[in-house]
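First the proteins, then the strands, lettered A, B, ... as listed; each starts at 1. Owing to the predicted nature of the structure, the values given are computational and were not obtained by experimental measurement.
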There are 2 protein chains.
Amino acid sequence: MTDVKKRVCVVGSGNWGSAIAKIVGNNVLAHDDMFETEVFMYVYEEIVNGQKLTDIINSEHENVKYLPEIKLPANVIAVPDVVKACNDADILIFVLPHQFVKETCLKMKQFIKPNALGISLIKGFILTESDGIQLVSKVISETLGIETAVLMGANLATEVASEMFCETTIACENESYKPLLTALFETSYFRCKVIKNVAGVEACGALKNVVGIGAGIVDGLGYGDNTKAAVIRLGLMEMMKFTKVFLGNDDKSVFFESCGVADLVATCHGGRNRLLGEAVVKSMKDIRLLEKEILRGQSFQGPLIAKEIYSYLKDNSMLEQFPLLVAIHRICTREVDPRNFIDCLRDHPEHM
Amino acid sequence: MTDVKKRVCVVGSGNWGSAIAKIVGNNVLAHDDMFETEVFMYVYEEIVNGQKLTDIINSEHENVKYLPEIKLPANVIAVPDVVKACNDADILIFVLPHQFVKETCLKMKQFIKPNALGISLIKGFILTESDGIQLVSKVISETLGIETAVLMGANLATEVASEMFCETTIACENESYKPLLTALFETSYFRCKVIKNVAGVEACGALKNVVGIGAGIVDGLGYGDNTKAAVIRLGLMEMMKFTKVFLGNDDKSVFFESCGVADLVATCHGGRNRLLGEAVVKSMKDIRLLEKEILRGQSFQGPLIAKEIYSYLKDNSMLEQFPLLVAIHRICTREVDPRNFIDCLRDHPEHM
């Protein structure tokens with residue numbers, strides 16, 4: 001990137017995408033020496049109450065479907081065509097469900113600036129036949145040929161949109177981007193810490209969604225705070241172990257950042273995967289049906305990630321080392337009765 | 001200790017003391033090859049509904065005041081005289097409010113076996129004019145001249161008493177005690193991990209009570225899970241830093257045990273110091289008055305510990321390095337308005 005003003009594009013517009021567009025839209029105005037003040041937001045077009053969602057966002061400055069009652073800055077412009085949205089952008093903020101990343105990048109590939117910077121806010125892995133599970137940032141980086149940072153933290157979207165104080169973790173290998181990233185994301189209520197361990201931060205963001213389901217299961221079963229704390233701790237230990245074997249990354253400091261223990265705790269108390277865990281105990285319905293009933297259009301990332309992790313662990317003969325992550329996957333697929341969840345944990349390797 | 005059967009005494013009988021007496025009472029029966037089956041529990045005598053509390057416990061096998069509706073094993077015998085209770089004991093389990101430890105030990109001093117083992121379940125520091133703040137286990141150990149282990153974890157007493165699954169951390173310098181400690185405390189719902197870092201485990205147990213008040217303050221102010229997660233994480237960072245400067249102990253692994261992150265999370269969601277934090281926001285009453293209204297006889301340890309920590313930090317010119325712990329103390333003393341709590345955290349050293 002050169003020193004001219006940077007153009008920013010937000011690729012995605014769910015509740016988290018809309019909440020981050022609010023921050024970014026305001027910050028480019030506050031730093032108009034560094035950024036172009038117009039921010040394009042790619043919106044997957046839908047008809048809402050007889051109107052196009054992009055038209056509603058551009059006239060009412062509100063994503064009425066995914067982040068209702070929050071005003072977006074008027075300089076955030078909804079664009080239904082991802083190619084037009086990303087055209088000429090220097091900074092691409094990815095905030096899509098992880099299963100749509102690859103196809104979206106392939107559409108954008110021919111049209112982006114070669115020296116653009118990607119920033120992934122996506123929490124999940126990408127599973128391919130040929131390569132097994134991969135980090136989303138790596139898929140973006142390799143598909144588009146650009147450097148990709150990540151942003152993960154204890155950031156439930158609705159609370160961020162309501163400007164309640166929180167922290168986040170940004171990871172970028174290239175330290176020279178730090179001032180740019182801080183200017184783009186930091187506010188008095190959204191405190192950013194920039195570190196280098198991209199893979200570690202991203203693994204935290206994916207794995208915590210699975211543990212969040214486990215927290216919901218113990219809630220659904222009527223256990224209290226002690227049991228939930230045990231699930232959170234055992235989950236954290238399995239997250240650390242998985243990160244070590246999967247990434248060859250034994251840097252534990254990342255788990256003390258907002259993306260680590262803080263995001264895990266927030267997810268296990270207020271996240272949507274926790275809701276799913278609770279529902280799985282209280283109903284025998286299929287996961288996809290529960291998703292439709294509870295989220296009305298959003299998706300639970302947790303069960304997909306649990307499946308991806310399970311597949312990795314199975315291929316590497318490590319199932320018995322991760323009883324919590326494995327039990328959650330099997331409960332989601334209805335192979336294991338959720339009432340047996342705690343029995344899966346009583347003789348956890350951590351107690352030995 | 002020799003290989004003859006060990007006699008166990010529980011010194012204290014609040015809600016946690018009674019809950020642990022239930023476990024210990026059952027475990028000495030299950031391991032009657034290792035332990036004398038009679039367990040004396042020292043009970044500070046009170047009159048409850050016109051009867052002595054010790055008489056009620058010994059006839060109804062229930063601590064109706066501090067742990068109602070939970071049956072204690074009949075082999076747990078309430079004794080109102082601490083000297084009689086500890087006489088001939090090989091294992092002394094301390095579970096009193098921390099401000100009564102020193103005087104209780106002084107009473108017992110002449111009467112205990114010289115090779116007894118102490119185990120402290122007490123969460124706090126002891127502040128003396130001459131020595132500043134000290135670990136409770138050290139005060140027990142030095143006053144009585146016995147080795148002292150500790151047991152700390154995500155163990156809200158009522159949930160343990162209801163046999164909901166949880167974990168705990170036991171720390172003992174002398175590894176040869178591990179089988180004895182495991183036999184005494186472990187059950188299918190109360191999983192014990194025995195490690196060596198006594199001071200680190202004990203510091204966690206004390207410090208988390210202060211952070212728990214902070215969690216209650218953000219609840220009282222109407223913040224959500226993101227903000228609470230930030231308080232928990234910043235609290236954890238200050239706990240680690242305090243442990244390092246106070247104990248010269250930089251072993252971070254202890255924070256990943258049940259006594260660390262798990263106990264912190266449980267305390268910040270279900271603990272009594274969290275309740276206090278919430279009350280401090282909603283009322284301008286003095287802390288001691290709130291204690292009387294909310295706890296009816298139990299005590300909040302958090303404000304006392306916050307004061308002890310504050311005094312240590314002030315003496316060592318380190319106040320500005322611990323903005324969260326300091327703000328909580330000043331809110332408890334009413335020097336700072338709880339509505340300013342988040343402002344104390346916006347520019348936390350962890351964000352720099």
key: Engaged part of Glu257(A) at the chain B interface, taking heavy atoms whose separation is under 4.5 Å   =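 Looking at Glu257(A), backbone and side chain both touch chain B.
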
query = Ile232(A) versus chain B, heavy atoms under 4.5 Å apart: side chain, backbone, both or neither?
reply =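 Side chain only.
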
request  = Check for a donor-acceptor pair, side chain of Asn226(B) on one end and backbone N or O of Cys166(A) on the other, with a separation under 3.5 Å.
outcome  =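 Not at all, since once roles are kept as given, no pair shorter than 3.5 Å links the two residues.
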
query = Taking Arg346(A) for the side chain and Ser188(B) for the main chain, is one N or O donor matched with an acceptor at less than 3.5 Å?
reply = yes

request  = Taking atom NZ of Lys244(B) as the centre, report whether more than 12 heavy atoms of other residues, nucleotides or ligands fall under 6.0 Å from it.
outcome  = no

ask   = Does a sphere of radius 6.0 Å around CD in Glu69(B) hold more than 12 heavy atoms from other residues, nucleotides or ligands, not counting ones at 6.0 Å or beyond?
value =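 Count not over threshold, so no.
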
inquiry  = If you count heavy-atom pairs within less than 4.5 Å of chain B, which of Gly224(A), Gly222(A), Gly270(A), Ser162(A) leads?
reply    = Gly224(A)

task = Output the option from His348(A), Met240(A), Lys228(A) having the highest count of non-hydrogen pairs under 4.5 Å with chain B.
result =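 Winner by heavy-atom pair count: Met240(A).
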
message = Taking every non-hydrogen pair under 4.5 Å, which of Tyr189(B), Tyr223(B), Phe255(B) racks up the most with chain A?
response = Tyr223(B)

request  = Heavy-atom pairs under 4.5 Å with chain A are the metric here; pick the option from Asp347(B), Val194(B), Leu234(B), Asp263(B) that has the most.
outcome  = Leu234(B)

key: Ring geometry between His351(A) and Phe165(B) (parallel below 30°, tilted from 30 to 60°, perpendicular above 60°)   = tilted

Derivation and outcome, salt bridge (Lys or Arg N to Asp or Glu O under 4.0 Å), residues Glu350(A) and Arg191(B) = CA-CA 10 Å; Glu350(A) 274 301 311; Arg191(B) 308 304 284 175; over 6 Å; no

request  = Kindly compute the distance separating CD (Glu167(A)) from OG1 (Thr227(B)), expressed to the nearest 0.5 Å.
outcome  = 10.0 Å

request  = Supply the atom-to-atom distance Asp225(B) CG to Met164(A) CE, rounded to the nearest 0.5 angstrom.
outcome  =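 Asp225(B) atom CG to Met164(A) atom CE measures 10.0 Å (nearest 0.5 Å).
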
key: Validation row, ring centre Phe256(A) to ring centre Phe256(B) under 6.0 Å   =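 That pair passes the under 6.0 Å test.
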
Under 4.5 Å from a heavy atom of chain A, the part of Val160(B) involved =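 When you check distances to chain A, atoms from both the backbone and side chain of Val160(B) fall under 4.5 Å.
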
key: Non-hydrogen atoms of Ala262(B) and Ala229(A) that approach each other most closely   =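 Looking at all heavy atoms of both residues, the shortest contact is O-CB, 3.3 Å.
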
request  = Start with the C-alpha gap between Val265(A) and His269(B), add the side-chain angles, then the distance that decides, and say whether side-chain contact (heavy atoms from CB on, under 4.5 Å) holds.
outcome  = CA-CA 10 Å; Val265(A) 169; His269(B) 288 91; 3.9 Å; yes

